[in-house]
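Here the structure comes first, spelled out in structure tokens, and everything after it is commentary.
Position 1 is the first residue of the sequence; numbering continues from there. Values in this document were obtained by computation on a predicted structure and should not be read as measured data.
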Amino acid sequence: MRSVTYSMGVSLDGYIVGPDGGFDWTPPDEEVFRFATDEVREAGVHLLGRRLYETMLYWETVDQNPSLDFPTLEFAAVWKALPKVVFSTTLSAVQGNARLVSGGLAEEIERLRAEPGDGNIAIGGATLAAEAAALGLIDEYRARVYPVLVGGGIPFFPQHERRVDLEFVETRTFSSRVVYLRYRVAR
């Protein structure tokens, strides 16, 4: 069965965006960027909320800029090829290799888990991940922890007031002082 993974950059105090809505403290260096590209390459499908989808639209056309470096072009190619499912009640259409869903996160994940295919089911966006976590659907948490305290904003870990025991899987420290932490939900 395919695993559901939640992976994002996060501040040391636990936020994926700061109180001003910005995340300018997360631009990865080349080492972290290559790692993130490999992580996307492992996914068979990516589930996104509307805000993250709109943020990631940048990658649908960035490859048209011939002056970009290879790692950027490589990520764009991997991202564009990846099937995406966008959950939104306000969008009427999506672009690229994406399809729009207006509800039923649990049903969609169940359907995707039942499909034959390689790669995990990646989930991104705080609101969507919080819903999946509250339903007990996330199998792995993967955090790229940046050495910054932002003091508030949107938390990486949803506040659903239930205990979730985790098993340590992997850690890695990058030269930029970003620390990758990977935990599997203990079931």
Side-chain angles (χ1 to χ4, degrees), residues 2-88 91 93-100 112 117-129 138 140-150 153-156 169-182:
R2 297 165 84 180
S3 293
V4 176
T5 61
Y6 173 41
S7 179
M8 300 274 300
V10 58
S11 65
L12 183 60
D13 55 348
Y15 298 97
I16 61 172
V17 299
D20 62 353
F23 51 96
D24 58 338
W25 42 272
T26 63
D29 66 1
E30 186 174 329
E31 183 185 22
V32 174
F33 193 64
R34 286 187 183 281
F35 183 83
T37 301
D38 289 342
E39 195 173 49
V40 170
R41 195 177 274 118
E42 291 175 6
V45 63
H46 202 292
L47 311 182
L48 303 95
R50 178 195 52 81
R51 284 184 296 229
L52 182 58
Y53 165 74
E54 289 175 340
T55 299
M56 296 302 286
L57 277 174
Y58 167 82
W59 295 102
E60 293 296 323
T61 58
V62 71
D63 61 343
Q64 296 169 12
N65 181 348
S67 67
L68 293 174
D69 60 11
F70 176 75
T72 303
L73 294 172
E74 181 183 24
F75 181 85
V78 171
W79 180 256
K80 283 177 70 169
L82 180 65
K84 292 168 267 310
V85 178
V86 180
F87 289 81
S88 175
L91 294 175
V94 292
Q95 300 173 31
N97 192 10
R99 65 182 172 83
L100 184 61
L112 290 168
D118 294 328
N120 56 47
I121 301 166
I123 191 164
T127 303
L128 194 62
I138 295 179
E140 283 191 13
Y141 289 89
R142 300 174 177 185
R144 287 180 308 281
V145 182
Y146 286 77
V148 62
L149 302 173
V150 297
I154 299 174
F156 174 86
V169 176
E170 176 184 5
T171 189
R172 179 173 174 181
T173 302
F174 297 95
S175 59
S176 60
R177 302 171 303 154
V178 171
V179 177
Y180 173 72
L181 301 171
R182 180 177 168 199

(message) Between Phe33 and Thr72, is there a side-chain heavy-atom distance shorter than 4.5 Å?
(response) yes
(request) Drop me the distance from Glu170's CD to Leu181's CG, to the nearest 0.5 angstrom. (result) 10.0 Å
(request) Can you see which heavy atom on Ile154 is nearest to which on Ala126, and at what distance? (result) CG2-CB, 3.1 Å
(request) Determine the minimum heavy-atom distance between Val94 and Tyr53, stating which atoms define it. (result) CA-OH, 3.3 Å
(request) Calculate, to the nearest 0.5 Å, the distance between atoms CG and CG belonging to Leu149 and Asp13 respectively. (result) 4.5 Å
(request) Check the pair Tyr146, Val32 against side-chain contact (heavy atoms from CB on, under 4.5 Å), reporting the backbone distance first and the verdict last. (result) CA-CA 11 Å; Tyr146 286 77; Val32 174; 3.8 Å; yes
(message) Are the side chains of Leu68 and Asp63 in contact, using a 4.5 Å heavy-atom criterion?
(response) no
(request) Any chance you could lay out the side-chain contact (heavy atoms from CB on, under 4.5 Å) test for Leu91 and Glu54, step after step, and finish with the verdict? (result) CA-CA 10 Å; Leu91 294 175; Glu54 289 175 340; 3.7 Å; yes
(message) As an exercise, state the distance from CZ of Phe75 to NZ of Lys80, rounded to the nearest 0.5 Å.
(response) 12.5 Å
(message) Within the supplied structure, the quantity of interest is the number of heavy atoms (other residues, nucleotides, ligands) at a distance under 6.0 Å from Arg41 CZ; does it exceed 12?
(response) yes
(message) A quick test of your reading: do over 12 heavy atoms of other residues, nucleotides or ligands sit less than 6.0 Å from CG of Asp69?
(response) yes
(message) Out of the candidates Glu42, Arg142, Glu39, only one should pair with Ser7 under the side chain to side chain donor-acceptor pair (under 3.5 Å) rule; please name it.
(response) Glu39
(message) Can you tell me how far apart CD1 (Ile123) and CZ (Phe87) are? Round to the nearest 0.5 Å.
(response) 7.0 Å
(message) With no hydrogens and no angle check, just 3.5 Å: does a side-chain donor-acceptor pair link Ser175 and Glu31?
(response) yes
(message) Using side-chain contact (heavy atoms from CB on, under 4.5 Å), reason through Phe23 and Val150 one step at a time and then give a plain yes or no.
(response) CA-CA 9 Å; Phe23 51 96; Val150 297; over 6 Å; no
(request) Mind listing the closest non-hydrogen atom pair of Leu100 and Ala93 along with its distance? (result) CD2-N, 3.9 Å
(message) Does any part of the side chain of Trp79, heavy atoms only, come nearer than 4.5 Å to the side chain of Glu60, both counted from C-beta?
(response) yes
(request) Flag the pair Trp25 / Ser11 as yes when at least one side-chain heavy-atom distance between them is below 4.5 Å, and no otherwise. (result) yes
(message) Give me the atom names and distance for the closest heavy-atom approach of Ala129 to Ile138.
(response) O-CD1, 3.6 Å
(request) Take Leu47 and Val4 through the side-chain contact (heavy atoms from CB on, under 4.5 Å) test and state the conclusion after the steps. (result) CA-CA 10 Å; Leu47 311 182; Val4 176; 5.7 Å; no
(request) Working to the nearest 0.5 Å, report the span between NZ of Lys84 and CG of Leu52. (result) 11.0 Å
(request) To the nearest 0.5 Å, tell me how far Leu82 CG sits from His46 NE2. (result) 7.0 Å
(message) With a 4.5 Å cut-off on side-chain heavy atoms, are Tyr6 and Phe156 touching?
(response) yes
(message) Looking at every heavy atom in both Asn120 and Arg2, which two are closest together, and how far apart are they?
(response) O-NH2, 4.2 Å
(message) So Glu30 and Phe174, do their side chains get closer than 4.5 Å, heavy atoms only?
(response) no
